[in-house]
Q: 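Dropping a structure here in structure tokens format, bear with me for questions.
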Protein chains: 4
Amino acid sequence: MARPEVSAEQKQVKREAILKVALEVFAEKGYHATGIADIASRLEAGHGTIYRYFKNKLDIFLTLYESLNAEFLAVAWGTRPDLAETREEYIAVMHKFCIDFSQIFLREINRIRIFFEEVYADPEIRKSFEAAQAEFLDTTIRFLTIGREKGFVRPELHIPSTARLMNAMVFDTMRAGTEPESASSNILLLATTLIDLFARGAMPQLK
Amino acid sequence: MARPEVSAEQKQVKREAILKVALEVFAEKGYHATGIADIASRLEAGHGTIYRYFKNKLDIFLTLYESLNAEFLAVAWGTRPDLAETREEYIAVMHKFCIDFSQIFLREINRIRIFFEEVYADPEIRKSFEAAQAEFLDTTIRFLTIGREKGFVRPELHIPSTARLMNAMVFDTMRAGTEPESASSNILLLATTLIDLFARGAMPQLK
Amino acid sequence: MARPEVSAEQKQVKREAILKVALEVFAEKGYHATGIADIASRLEAGHGTIYRYFKNKLDIFLTLYESLNAEFLAVAWGTRPDLAETREEYIAVMHKFCIDFSQIFLREINRIRIFFEEVYADPEIRKSFEAAQAEFLDTTIRFLTIGREKGFVRPELHIPSTARLMNAMVFDTMRAGTEPESASSNILLLATTLIDLFARGAMPQLK
Amino acid sequence: MARPEVSAEQKQVKREAILKVALEVFAEKGYHATGIADIASRLEAGHGTIYRYFKNKLDIFLTLYESLNAEFLAVAWGTRPDLAETREEYIAVMHKFCIDFSQIFLREINRIRIFFEEVYADPEIRKSFEAAQAEFLDTTIRFLTIGREKGFVRPELHIPSTARLMNAMVFDTMRAGTEPESASSNILLLATTLIDLFARGAMPQLK
DNA sequence: AATGAATGAGCGTTCATTCAT
DNA sequence: TATGAATGAACGCTCATTCAT
């Protein structure tokens, strides 16, 4: 009984070691330019070894890709706009979401890089990306719908479009974090601005 | 003297013929999956011929890519927020920009597709994309800066961040137009919502 | 003293277990398409284990192959044309040989399949096949030589050639038994016809 | 008009050059042990070149294989037992068939070698072999049926079985020709014996 | 100018075998 | 004794690019 557990555990350890170096190489060179040989040699292992743990190159990539999607989605579905009783609380929910997202970013900058850069490298990756995007859209739609019910969102706003635009801003904020530093790519500043735009728009209020 | 001119002109005609079919194939299959042979055979020409007009596959792609960027940038630099005298005119400038952008889209859906999907297919493409994005950012910064000077933009807004977020929304609106139709991917609806968010935010105004 | 015996016995039991499943897999997939992993997994053992009992894949195959040859040869050497006193008894010897061969077939269809199909899969197998064929030829030559001495075989017949042709018919009859059923592949009918051709030829006798 | 013809002709010349060396290598090393690289290097060409003329390794092999089948079948269908008016003429038809077959053999010993040795190297080859065998059987059945109608074949003989056994002898005679010389592998002697067995059987006629 | 035949580096992947545990 | 993780040589094949015609 103990034995298979150890074996399975060791297998998992090795899988994760492969994922770790694969992520590094994918982030450095991109999906297409990365060869199994690159991953194997950085792992200081034979390239046959990798095929003991993953079906093929795509399998490795999708594993990395989907685990990131899962983390993002967990944060997104974890927001609780339903608990917000006031306008300020509603904004605070959004704020918390941005903070949580940022934390994943800080931890997972390489995975975020491949998340954005390799969307179209393979039809399977694209499918995975699109499935995740659709689900993200659902979470944002939920956020807005609850907000409207509670009177925190202007009722005349078209929710699906708004959700899509907000997601575009959120993901671009993440993407900014993967870029070499510049004034415009400060992730926190972008998040603050995003919330400000959401709350008040860009134009002064007419009296 | 006449001869070389004709020759150069003919050369240009052929170049454009190649670009035309290359665009089709790139849009259908993507950069990596497209072979020179695919382009040549659809052109009904030998593949050696293509190398007389372009250095290599990347050269063809970048030519297409950069001409699209140039068109987009021409529209962006052509906006005249400086001529807006009223809040409504300022919004109208933005509206016109969206309309003009949409028109490029309607005409150039294939180029827009490759614009979005092949950003990271090659480091050169990426560089080109990033250069264009930086310039787009400049046009939006100009738009916002002029708006602020004229009192149409809230002075406390951080302009570079706002510009980046607006661009994210604009490009995502374009991208939506390349996707199979769905409620959320209506390009005009997205543009209208974008302007609405810009003008008023998503939340009701406090009295 | 007892111990090594038991060990050797156990070793033999395991060897036979390996041969049993190996035969199944070889028959199903063929020599080249069969991997050590296929055999090991059907055996529910590690693939390293197999190398404790056999030198390599070829060793397993040849063991199976040669044991079948040995069985066939035992039957062939077991014919007793020397005991035949009459033409009818001589034919009966041949008949018995066909029946005995068929029984091996009924029992060992899988080994017969690999016997025919994998002759050239490896030079070693080929060598084994050819050695067996040469020995089969000897048995048939013996059968015919004795027959001639006893006046049951036409003296003008070239015995080595006749032996070879008869063997060709015998093995093709066996091979027919491994094929999906059809009118022409009825093993008993073929054997009967073979004997009939041997005894009387295909043409009517001239008066 | 002249141009494409020349081009197609050159293409054919090259195809045949490839087939020529491929046949040599296949005959020497066998299908599985032959690599595209082996063929290419003997051709003194890059291995990519081969893929301009053939889809893959199997394509080359099947081309060789099927052209041999076609030659054999042409000979088989070219026999004219229907023209035989006497027993001797009927035997002469068979004799001619053997001679013609032998001539292909003398010309095509390498193709005959692969014909026999690589039957099961790939399912496609096997399919091709079996289709050819079935057609050969038809030609022999035709030969025997016409013989029976004309009174040259004993009416009680089971024709499909007889046809199958005769084919086994014919092909084994061919196979003998591919083997290192021995008393039993004299192709003409085998053919003569085959006809003798066909005509008179192996046993003395009862008075 | 136009061609397309030739090239070969490079890819992802398989699997028989070894050997430390 | 039994294991299965590790290995890496070797495979078939693709395709961007060159260059002789």
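Lettering of chains follows the sequences in order, A, B, ..., and the numbering in each one begins at 1.
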Q: I need the full list of ring-ring contact (aromatic ring centres under 6.0 Å, His included) pairs touching residues 16-35 of chain D, with sequence neighbours left out, sorted by first then second residue.
A: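 Pairs touching residues 16-35 of chain D that pass the test: C:H32-D:H32, D:F26-D:Y31, D:F26-D:F61, D:Y31-D:F61.
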
Q: Quick one: B:E44 CD to E:dT3 P, roughly how many Å, whole number?
A: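 Taking atom P of E:dT3 as the reference, CD of B:E44 is at 11 Å.
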
Q: Is the closest basic N to carboxylate O distance between A:E71 and A:R111 below 4.0 Å?
A: yes

Q: OP1 or OP2 of E:dA5 less than 4.0 angstrom from a side-chain nitrogen or oxygen of D:T49, does that happen here?
A: no

Q: Check the distance between E:dG4's P and B:L43's CG and give it to me in whole angstrom.
A: 12 Å

Q: Return the CG to OG1 distance between C:D38 and C:T34, rounded to the nearest 0.5 Å.
A: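 Between atom CG of C:D38 and atom OG1 of C:T34 there are 6.0 Å.
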
Q: Check whether any side-chain N or O of A:K11 sits under 4.0 Å from OP1 or OP2 of F:dG4, and answer yes or no.
A: no

Q: For B:R42, which residues count as a side-chain hydrogen bond (donor to acceptor under 3.5 Å, both in side chains) partner, sequence neighbours excluded?
A: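 Checked B:R42 against side-chain hydrogen bond (donor to acceptor under 3.5 Å, both in side chains); matches are B:E24, B:E28.
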
Q: Strictly below 4.0 Å, heavy-atom distances to any atom of DNA chain F: list the hits from residues 15-41 of chain A, or just say none.
A: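 Output list: empty, so none.
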
Q: Whole angstroms only, please: what is the CD-P distance between D:Q10 and F:dA20?
A: 17 Å

Q: What residues from residues 51-60 of chain D pass a heavy-atom cutoff of under 4.0 Å to DNA chain E?
A: D:R52, D:Y53

Q: Taking the six-membered ring of D:F116 as reference, does the cationic atom of D:R175 (NZ for Lys, CZ for Arg) lie under 6.0 Å from its centre and within 45° of its axis?
A: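 Flagged: D:R175 positioned over aromatic ring of D:F116.
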
Q: OG1/B:T49 to CD/B:E44 distance, rounded to the nearest 0.5 angstrom?
A: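 Atom-to-atom, B:T49:OG1 and B:E44:CD are 12.5 Å apart.
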
Q: Is D:R113 salt-bridged to D:E118, cutoff N-O under 4.0 Å?
A: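 No, this pair does not count.
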
Q: Please report, rounded to the nearest Å, how far the C1' atom of E:dT3 is from the CD1 atom of B:I50.
A: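 Answer to the nearest Å: 12 Å.
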
Q: Is the C:F115-C:F129 ring centre distance short of 6.0 angstrom?
A: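 C:F115 vs C:F129: aromatic centres under 6.0 Å.
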
Q: How long is the straight-line distance from CG of B:L23 back to CD1 of B:I109, given to the nearest 0.5 Å?
A: 11.0 Å

Q: Counting only pairs under 3.5 Å, give me each side-chain donor-acceptor contact of residues 13-20 of chain D, with atom names and distances, residues two or more places apart or in other chains.
A:
from  : atom 1 : to    : atom 2 : distance (Å)
D:R15 : NH1    : D:Y53 : O      : 2.9
D:E16 : OE2    : D:Q12 : NE2    : 3.0

Q: Closest to the C:H47 side chain: F:dT14, F:dG4, E:dT3?
A: F:dG4

Q: Which dot-bracket string fits DNA chain E when only Watson-Crick or G-U wobble pairs with both atom distances under 3.5 Å count, crossing pairs get [ ], and | stands for a partner on a different strand?
A: .||||||||||||||||||||

Q: Salt bridge check, A:E130 against A:K127: does any charged N sit closer than 4.0 Å to a carboxylate O?
A: no

